[in-house]
Amino acid sequence: MANYSNLEKIRLGKIEALQEEGIAPYPRRVERTHTNLEVSQAFQEIEDNEEAAPIFATLVGRVRSMRPMGKVTFAHIEDGTSRIQIFFRANDIGEDQVKFFNDKFDLGDFIQASGKIFRTRSGEITLRVSSYLMLSKAVTPLPAAKDEVVDGEVVQHATLSDPETRYRQRYADLAVNPDVREIFRARAKTIRALQNFLDERGFLEVETPILQPIYGGAAARPFITHHNQLKQDLYLRISFELYLKRLLVGGFERVYEIGRDFRNEGVSFKHNPEFTQIEFYMAYADYEDVMTLTEAMLAYVVEQVTGGRTLTYQGQEINFETPWKRVELRQGLIDATGIDITQHATGESLTAAMDSLDMEFNPAASRGKLIDDLLGHYLEPNFIQPTFLYDYPRDISPLAKTKPGDPQTVERFEFFIGGMEMGNAFTEINDPLDQEERFLEMGRTFDVEDEEHNPLDEDYLRAMRYGMPPNGGFGMGLDRLVMLLTDTSTIREVLLFPHLREREG
RNA sequence: GGGCGUGUAGCUCAAUGGUAGAGCAGUGGCCUUUUAAGCCAUUGGUUGCGGGUUCGAUUCCCUCCACGCUCACCA
């Protein structure tokens, strides 16, 4: 049972008063002739034309401001398109009707209002109410103090800003913060743009299992669940990779999936336990082809979402013109640290070289892990402009083909924007014997109990034995891309319902 | 998990080891073109939970909870 606040009790009293008068606080039928935006535009088109018929409209929306002034009242209502002012006047509808609105309606209520559109003396397009109806009574006040409309722009004077309330009660956040709604419109546009771009190039959008008997395709701890009837443990996927590549065996040349991955890891400004990933696989392509496609794809998406090829992220201008900067991992590390990783074939050797650096690391880590640490520390934060970092150590890349003549290095790149790792791609292994050997290698480096150790996926190897075309694959964190496009500094801002700890009440 | 910080009215924020305040919202009143409308009056608090020190704690101390920043972790 809800524990009602004083403000809520007053509103509950108004609901009772309505019911006593035979007025439904939550009626079933609604009428609407225009959206608020449509009617404003229609009015502007005809208002200078003396011959034109006046516009009568029935509008709906949530009451966002009320200014009662004796025998007239002004209010703003907001629908999904915009706000519009409505005007109640005793001469038009009688004093009782004006008073009824003043007394029984509160900020946050939904109203249906009919009348003629006109422009007030102070110049605002307004509906002169001839009749109105309660559509939905709000019991809880919206967490907004007061808004003002200046030149059509909503100016907020103190509104909900407490992050915890904003995330836990996202509905309230969305209701009072229009900027937040824009973030999720941009997110939808981003997804649509990615789909358009790939669809136009012959990619097929597919859906693969989220519940998987064996997880793989990335190094991360999974969430475990259980199917009762089948008496089977299942994992929430940590990546789509192994399923998408099975489809290449099946004859689809280009596939992609946009969906949720789940990783049982820490939470940070760029990590959420469930996050959205886009992966694509392209037969008859290698990682250089994928680089070219990545540049074009991101340029297209940025243009679709922002209208240009540049954007400002956390105060820094980022330019998506192609081609991007390409940095070989080995050379990048030489430039940043003086260490040439090709001179250090083992973790021990590399550790010795890293001792002179001002950086903490686990001396027992593998060579590949140490190199990953180095790039995360010395390179990643400096890659503000879109940058490809390519040719990675083999031992942290079990699905990537080695470089010809260099068995320690694989054809893999990651790309970075705004100092964040955005995605990862490689020339994919399609040799089943090589792949099996790489899986076994991984098995030896990981403790059997280590959950990051992917169990060997025999079915994936069987698929590959049927013959897999050479291909390039790509994965990108969609949430991080949306962060860039909306200039937000944490992943929680681009997730409608970010993960928070459970809280009583 | 570690470190630092925050938690006061519906919202945004003050304040002090001695009865907890403002603006907006709310409530009552005046007001027929306002727009943060205005004017008058006024209600509203277990100061995150629990404990300790103290004559007295919202303030000082401790546990816990939540959130934020950060480090670690993280393909």
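In what follows, chains are A, B, ... by sequence order, proteins preceding strands, each numbered from 1. Atom set for the values below is all heavy atoms of this structure, side chains included, hydrogens, waters and symmetry mates excluded.
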Worksheet item: Cut-off 3.5 Å, side chains only: do A:D391 and A:Y287 have a donor facing an acceptor?
Response: yes

Practice prompt. Kindly write out the residues that satisfy side chain to side chain donor-acceptor pair (under 3.5 Å) with A:S5, not counting sequence neighbours, or none if the list is empty.
Written response: A:E8

Worksheet item: On RNA chain B, nearest-nucleotide positions of A:E414 versus A:T120: which is more 5'?
Response: A:T120

Item to complete: For A:F415, enumerate each residue passing the ring-ring contact (aromatic ring centres under 6.0 Å, His included) test, keeping only those at least two apart in sequence or located in another chain.
Response: A:W324, A:F474

Practice prompt. Go through the N and O atoms of the side chain of A:S122 and the base of B:rU33, and report whether any donor-acceptor pair is under 3.5 Å.
Written response: no

Show the distances under 3.5 angstrom between N or O atoms of the protein and N or O atoms of nucleotides 28-32 of chain B.
{"unit_1": "B:rC31", "atom_1": "N3", "unit_2": "A:G70", "atom_2": "N", "d": "3.0"}
{"unit_1": "B:rC31", "atom_1": "N4", "unit_2": "A:G70", "atom_2": "N", "d": "3.2"}
{"unit_1": "B:rU32", "atom_1": "OP2", "unit_2": "A:K71", "atom_2": "N", "d": "3.4"}
{"unit_1": "B:rU32", "atom_1": "O2", "unit_2": "A:R89", "atom_2": "NE", "d": "3.4"}
{"unit_1": "B:rU32", "atom_1": "N3", "unit_2": "A:N91", "atom_2": "OD1", "d": "2.6"}
{"unit_1": "B:rU32", "atom_1": "O4", "unit_2": "A:N91", "atom_2": "OD1", "d": "2.5"}

Worksheet item: How would you label the contact of A:F426 with the nucleic acid (heavy atoms, under 4.0 Å): base, sugar-phosphate, or nothing?
Response: nothing

Practice prompt. Would you classify A:R11 as touching base, sugar-phosphate or nothing, given that sugar-phosphate means primed atoms plus P, OP1 and OP2, and contacts are heavy atoms under 4.0 Å?
Written response: nothing

Worksheet item: What does A:K369 touch in the nucleic acid at a heavy-atom separation under 4.0 angstrom: a base, only the sugar-phosphate, or nothing?
Response: sugar-phosphate

Discussion item. List the residues meeting ring-ring contact (aromatic ring centres under 6.0 Å, His included) with A:Y26, not counting sequence neighbours, and say none if there are none.
Written reply: none

Distance-only donor-acceptor hits, side chain of residues 13-21 of chain A, under 3.5 Å, sequence neighbours excluded:
{"unit_1": "A:K14", "atom_1": "NZ", "unit_2": "A:D103", "atom_2": "O", "d": "3.2"}
{"unit_1": "A:K14", "atom_1": "NZ", "unit_2": "A:D106", "atom_2": "OD1", "d": "2.8"}
{"unit_1": "A:K14", "atom_1": "NZ", "unit_2": "A:D106", "atom_2": "OD2", "d": "3.2"}

Worksheet item: When all nucleic acid strands are considered with a 4.0 Å heavy-atom cut-off, which category describes A:E8: base, sugar-phosphate, or nothing?
Response: nothing

Worksheet item: Taking the side chain of A:N6 as heavy atoms from C-beta outward, which of B:rA66, B:rU33, B:rG44 is closest to it?
Response: B:rG44

Fill in: Set of side chain to side chain donor-acceptor pair (under 3.5 Å) partners for A:R330, sequence neighbours left out
A:D340, A:T342

Worksheet item: For atom P, what is the distance between B:rG45 and B:rG10, given to the nearest Å?
Response: 8 Å

Fill in: Partner nucleotide of B:rG1 by Watson-Crick or wobble geometry (both distances under 3.5 Å)
B:rC71

Worksheet item: Under the 3.5 Å rule, do the base of B:rU34 and the side chain of A:R67 count as making a donor-acceptor pair?
Response: yes

Worksheet entry | Whole-angstrom distance between B:rG38 and B:rA14, as gauged at atom P | 24 Å

Worksheet item: How would you label the contact of A:S489 with the nucleic acid (heavy atoms, under 4.0 Å): base, sugar-phosphate, or nothing?
Response: nothing

